[in-house]
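One structure below.
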Amino acid sequence: MDIILLGPPGAGKGTQASRLEEEHGMVQLSTGDMLRAAVKAGTEVGLKAKALMEAGELVPDEVVSGIIGDKLDELGPDQGVIFDGYPRTAAQAESLDEILAARNRKLSHVIELVVDEDALVERIVGRYTCGSCGEGYHDTFKKPAKEGVCDVCGKSDFKRRPDDNEETVRTRMKEYRAKTEPILPIYEKRGIVHKVNGMGSMAEVNDAIEAVLSL
Ligand code: AMP
């Protein structure tokens with residue numbers, strides 16, 4: 001089973017993908033995470049991506065499609081995948097079809113997380129993670145039980161994404177509306193798009209996704 005989680009920045013794609021990894025043994029392929037790792041490692045891809053990411057603009061299609069193809073080649077043929085943050089343009093959707101067909105893989109579901117955009121800005125601007133174990137937190141919605149200490153690993157090494165500021169978030173939203181939303185009809189024509197209300201609690205959204213996957 002290969003699925004796409006689609007939705008604007010802050011819709012909860014990463015959170016839900018992690019849950020699906022735990023519950024179904026699937027693998028999350030997040031181009032955002034891969035690009036951040038490349039920036040940190042200072043690779044050629046990272047050097048190309050850094051300024052674009054900081055501005056909230058999209059990285060060139062061939063760069064992200066290249067890293068997705070490479071990652072899939074590291075996985076077994078029966079390993080289900082959750083695409084998180086990819087594809088984001090019509091050209092990437094086309095590349096994904098080719099990448100999957102070449103590996104005898106097929107998309108089973110595209111899950112669109114439907115969210116209220118104004119609420120998203122608050123969600124994104126307040127979010128941070130534990131730099132040590134990766135647990136996610138929020139200034140308003142999910143504070144650690146003991147201030148400044150991670151609930152999961154006990155470390156005090158929190159970090160925020162450099163592109164999680166209001167100005168960059170607005171650009172990322174614009175990019176989503178202009179380039180990503182228009183790819184939905186490609187999948188609607190195939191009858192594989194399922195809309196899920198992304199504004200509920202993490203558990204509610206997860207239940208709604210599970211219901212879709214069991215169809
Ligand atoms: P994300 O973690 O998915 O919010 O992605 C963070 C940033 O990485 C985006 O704002 C883009 O600059 C870049 N990025 C991630 N995935 C893609 C993609 N599929 N195509 C182009 N740029 C991407």
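Side-chain atoms are counted along with the backbone in the values below, which use heavy atoms only and exclude waters and symmetry mates. Ligands are counted one by one from 1 in listed order, and the atoms in each one are counted from 1 as well.
Looking only at heavy atoms of the protein, atom 1 (P) of ligand 1 is closest to Arg88 NH2, 3.5 Å. Protein heavy atom nearest atom 20 (N) of ligand 1, with residue, atom name and distance: Gln92 NE2, 2.9 Å. Annotation: atom 11 (C) of ligand 1 to nearest protein heavy atom, Glu57 O, 3.5 Å. Ranking the protein heavy atoms by distance from atom 7 (C) of ligand 1 puts Met53 CE, 3.9 Å first. Counting protein heavy atoms only, atom 22 (N) of ligand 1 is closest to Val59 N, 3.0 Å. For atom 16 (N) of ligand 1, the nearest protein heavy atom (residue, atom name, distance) is Thr31 OG1, 2.8 Å.
A donor-acceptor pair under 3.5 Å links the side-chain atoms of Gln92 to the main chain of Arg88, judged by distance alone. No donor-acceptor pair under 3.5 Å is formed between the side chain of Thr43 and the backbone N or O of Val39.
By the 3.5 Å distance cut-off applied to N or O atoms, Gly85 is counted among the residues near ligand 1.
With a heavy-atom cut-off of 4.0 Å, Leu35 touches ligand 1 through its side chain alone. Using a 4.0 Å cut-off between heavy atoms, Thr89 makes no contact with ligand 1 at all.
Classification of Arg127 and Asp139 as a salt-bridged pair fails, no side-chain N sitting under 4.0 Å from a carboxylate O. Looking at Arg161 and Asp163, a side-chain N of the basic residue comes within less than 4.0 Å of a carboxylate O on the acidic one, giving a salt bridge. Salt bridge absent: Arg123 and Asp118 never bring a charged side-chain N and a carboxylate O closer than 4.0 Å.
From Lys142, atom NZ reaches atom OG1 of Thr15 across 8.0 Å, with rounding to the nearest 0.5 Å. The CD atom of Gln28 lies 5.5 Å from the CG atom of Asp33; values are rounded to the nearest 0.5 Å.
At least one heavy atom of Arg36 sits closer than 4.0 Å to an atom of ligand 1. Put simply, no part of Lys13 is less than 4.0 Å from ligand 1, judged by heavy atoms.
Classification of the His194-His109 ring pair by plane angle, with boundaries at 30° and 60°, yields tilted.
The environment of CD in Glu117 is crowded: more than 12 heavy-atom neighbours from other residues, nucleotides or ligands sit within 6.0 Å.
The option from Lys179, Arg161, Arg172 that lies nearest to atom 6 (C) of ligand 1, judged by heavy atoms, is Arg161.
If you number the atoms of ligand 1 from 1 as listed, the ones under 4.0 Å from a heavy atom of Asp163 come out as 6 (C).
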